[in-house]
Amino acid sequence: MNSKRSLFLIGFMGSGKTTYGRLLANALDMPFVDLDEALEQEHGMKVVELFEAWGETRFRREERLMLRSVAGNAPLVVATGGGTACFFDNMDFMNEVGETLYMRTSVRELKSRLLFSKEDRPLLRGKTDAELKQYIAETLEKREVYYLKAQYILDTDNLNAHNLMDSYEAIRAV
Ligand code: S3P
């Protein structure tokens with residue numbers, strides 16, 4: 001089951017990359033790294049502050065570098081940021097050095113999860129409920145082109161800690 005290649009979790013904000021990534025790492029007995037947390041630790045600031053200080057362009061450059069840096073410690077489970085897969089050649093890079101898992105989630109579910117955490121996310125801050133839904137729908141449509149390059153897809157709308165490993169093993173067995 002554990003191929004001992006790194007496993008990169010990709011997908012929209014709120015798709016559960018960090019939560020399920022931690023659980024998967026534990027079950028697969030592999031170290032876990034959250035890319036946003038790695039950036040926060042390295043630079044001593046929260047992602048919201050990094051966005052403010054750098055702007056998105058530099059954030060994406062630093063994120064790209066951090067992805068390559070953490071991948072150097074393979075094998076491990078990596079929760080990427082929601083945009084990581086969609087910039088530069090990051091998606092091709094992850095597919096080359098490891099396995100990729102798209103945590104696919106519906107707009108409706110993303111909206112209900114993100115309503116309560118939007119202030120921690122620079123791209124969602126200050127949006128009204130209607131704006132949030134529209135942003136998710138439009139951005140997900142653009143980003144799915146990248147997310148769908150993942151080797152595996154796990155639907156998360158009905159995923160929970162109890163069915164995670166069965167669901168993960170089922171998609172790998174196909
Ligand atoms: C982003 C997602 C965030 C974080 C940053 C940008 C995005 O990560 O990297 O706010 O572009 O979707 P999460 O997906 O962990 O929220």
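Remember, it's 1-based here, ligands and their atoms both numbered in the order they're listed.
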Got an N/O contact under 3.5 Å between [X] and ligand 1?
| X | value |
| --- | --- |
| Gly82 | yes |
| Lys17 | yes |
| Thr80 | no |

- Would you indicate which of Arg143, Arg60, Arg121 comes nearest to atom 6 (C) of ligand 1 when only heavy atoms are counted?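 Checking each option, the heavy atom nearest atom 6 (C) of ligand 1 is found in Arg60.
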- Residue selection (non-hydrogen contact nearest atom 3 (C) of ligand 1) among Leu9, Leu50, Asp36: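 Result: the heavy atom closest to atom 3 (C) of ligand 1 is in Asp36.
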- Item | Asn160 side-chain N/O to Asn163 backbone N/O, donor-acceptor pair under 3.5 Å |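 Between the backbone of Asn163 and the side chain of Asn160 there is a qualifying donor-acceptor contact (under 3.5 Å).
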- Message: Closer than 4.0 Å to some heavy atom of Pro122 - which atoms of ligand 1 meet that?
- Response: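 Answer for ligand 1: 10 (O).
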- Item | Atom indices of ligand 1, in the order listed, that fall short of 4.0 Å to a heavy atom of Val47 |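 Near Val47, meaning under 4.0 Å from one of its heavy atoms, ligand 1 has 5 (C), 10 (O).
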- Item | With Glu52, the salt bridge (Lys or Arg N to Asp or Glu O under 4.0 Å) member among Lys46, Arg58, Arg125 |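 Of the listed residues Lys46, Arg58, Arg125, the salt bridge (Lys or Arg N to Asp or Glu O under 4.0 Å) partner of Glu52 is Arg125.
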- Task: Not counting sequence neighbours, which residues clear side chain to side chain donor-acceptor pair (under 3.5 Å) with Thr18? List them please.
- Result: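 Side chain to side chain donor-acceptor pair (under 3.5 Å) check on Thr18 returns Asp34.
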- Task: May I ask you to check whether Gln151 and Tyr102 show a side-chain donor-acceptor distance below 3.5 Å?
- Result: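 Checked: Gln151/Tyr102 side chains show no N/O donor-acceptor pair below 3.5 Å.
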- Qualifying residues under ring-ring contact (aromatic ring centres under 6.0 Å, His included), relative to Phe59, sequence neighbours excluded: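 In terms of ring-ring contact (aromatic ring centres under 6.0 Å, His included), with neighbours along the sequence ignored, Phe59 is linked to Phe51.
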- Message: Counting only heavy atoms closer than 4.0 Å, does ligand 1 sit against the backbone of Leu123, its side chain, both, or neither?
- Response: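 Answer for Leu123: side chain.
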- Message: Would Arg64 and Phe87 count as a cation-pi pair here, with the cationic atom under 6.0 angstrom from the ring centre and within 45° of the axis?
- Response: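 No cation-pi geometry.
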- Identify the closest protein heavy atom to atom 7 (C) of ligand 1: which residue and atom is it, and at what distance?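 Nearest protein contact, heavy atoms only, for atom 7 (C) of ligand 1 is Gly83 N, 3.3 Å.
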- Please determine if Glu99 and Arg172 form a salt bridge, counting it only when a charged side-chain N lies under 4.0 Å from a carboxylate O.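 Salt bridge: yes.
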